[in-house]
Amino acid sequence: VNLFSAVCGSLSCVMVYIVARRMDLTRLASAAGALMLGASRELWAQSVIAEVYTLNAFIFMVCLLCLVEWNRNRNPRWLMAFSFVLGLGMTNHHTIGIIGPAAVALVLWRNWRTVLKWKLVLLCTALFILPLGIYLYLPLRAATYPYMDWGHPETISQLWSHVTRAQYKINAEPVGGTAVSLFFEFTMV
């Protein structure tokens with residue numbers, strides 16, 4: 001699992017290069033961005049342990065690539081790919097969801113008529129929901145009482161608590177009405 005984290009960290013750097021090139025940056029600028037990410041202390045710290053963050057970074061960059069490609073040629077397949085990868089990313093870590101509203105804003109800004117294509121919107125929604133079906137495995141696995149069973153999502157309410165990350169809300173104490181505390185309160189839901 002640690003090796004998988006390292007591979008995902010490396011792939012994230014590769015994806016930074018690819019996305020930068022697709023955005024018409026020079027090879028030197030693209031390579032510099034990828035190398036700066038690869039040399040960052042944060043990426044290294046997450047790449048040598050069994051954690052979700054390097055996979056999350058890789059999925060984020062794949063989502064970004066899909067959006068860049070859609071922006072370049074308006075091919076709806078890129079929006080469909082984005083929807084599927086975003087749904088897959090939501091099964092890894094909820095913070096990937098922040099790119100969803102940004103994608104909607106991009107589509108509205110660049111070609112607002114896209115949202116009037118109801119078949120495309122329906123297909124993108126279905127492709128987003130499809131990978132979330134991975135969560136249906138959790139109650140089946142929890143019923144076998146495995147050694148590691150985070151939140152024991154055996155019932156629907158326990159599964160919902162797990163998916164919405166309700167177990168983390170206990171530690172989320174807002175420090176006032178600041179934007180930072182509101183952000184943390186929102187992300188802990």
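Note that the numbering runs from 1 along the sequence shown for the chain. All of these numbers come straight from a predicted model, not from anything done at the bench. Side chains included, hydrogens not; waters and symmetry mates left out as well; all remaining heavy atoms used.
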Calculate, to the nearest 0.5 Å, the distance between atoms [atom1] and [atom2] belonging to [X] and [Y] respectively.
| X | Y | atom1 | atom2 | value |
| --- | --- | --- | --- | --- |
| C66 | M80 | SG | CE | 11.0 Å |
| F84 | L79 | CZ | CG | 15.5 Å |
| W78 | N73 | CH2 | CG | 7.5 Å |
| C63 | I59 | SG | CD1 | 7.5 Å |
| L67 | F82 | CG | CZ | 4.5 Å |
| I98 | F60 | CD1 | CZ | 9.0 Å |

Contacts of type salt bridge (Lys or Arg N to Asp or Glu O under 4.0 Å), residue E69, not counting sequence neighbours:
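Listed in chain order: R22.
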Report the residues that fulfil salt bridge (Lys or Arg N to Asp or Glu O under 4.0 Å) with R21, sequence neighbours left out, ordered by chain and then residue number.
none
Check for me, please, whether [X] and [Y] land in the same ILVMFWY cluster - side-chain distances under 4.5 Å, paths through other members count.
| X | Y | value |
| --- | --- | --- |
| V62 | F4 | yes |
| L55 | V19 | yes |
| V48 | L43 | no |
| L35 | L25 | no |
| L122 | V107 | no |

Donor-acceptor contact present, side-chain [X] to main-chain [Y], <3.5 Å:
| X | Y | value |
| --- | --- | --- |
| S161 | S157 | no |
| S83 | L127 | no |
| S47 | A6 | no |
| S5 | I49 | yes |

Distance-only check: which donor-acceptor pairs under 3.5 Å involve side-chain atoms of residues 130-145, not counting sequence neighbours?
unit_1 : atom_1 : unit_2 : atom_2 : d
Y135   : OH     : M90    : O      : 3.0
R141   : NH1    : T144   : OG1    : 3.2
T144   : OG1    : R141   : O      : 2.6

What pair of heavy atoms forms the shortest contact from V16 to G33, and how long is it?
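Scanning both residues completely, I find the closest heavy atoms to be CG1-C, 3.9 Å.
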Looking at T114 and V121, what are the two nearest heavy atoms and their distance?
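For T114 versus V121, the nearest heavy atoms are O-CG2, 4.2 Å.
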Residue pairs passing the side-chain hydrogen bond (donor to acceptor under 3.5 Å, both in side chains) test where at least one lies in residues 37-46, sequence neighbours excluded:
none
Tell me if the CG atom of L116 is crowded by more than 12 foreign heavy atoms within 6.0 Å.
yes
Just wondering, more than 12 heavy atoms not from R74 lying within 6.0 Å of its CZ?
yes
Using the test side-chain contact (heavy atoms from CB on, under 4.5 Å), find all partners of V52 that sit at least two apart in sequence or belong to another chain.
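Checked V52 against side-chain contact (heavy atoms from CB on, under 4.5 Å); matches are N92, H93.
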Using the side chain to side chain contact (heavy atoms under 4.5 Å, CB included) rule, take V14 and Y17 through it: C-alpha gap first, then chi angles, then the decisive distance, then the call.
CA-CA 5 Å; V14 170; Y17 178 83; 5.7 Å; no
Suppose the criterion is salt bridge (Lys or Arg N to Asp or Glu O under 4.0 Å): which pairs have a residue in residues 108-129, not counting sequence neighbours?
none
Do Q158 and T155 pair up side chain to side chain, a donor and an acceptor below 3.5 Å, judged on atom types alone?
yes
State whether W70 and R72 meet the cation-pi test: NZ (Lys) or CZ (Arg) under 6.0 Å from the six-membered ring centroid, and within 45° of the perpendicular axis.
no
Could you go through the side chain to side chain contact (heavy atoms under 4.5 Å, CB included) check for C124 and L120 one step at a time?
CA-CA 6 Å; C124 286; L120 177 62; 3.9 Å; yes
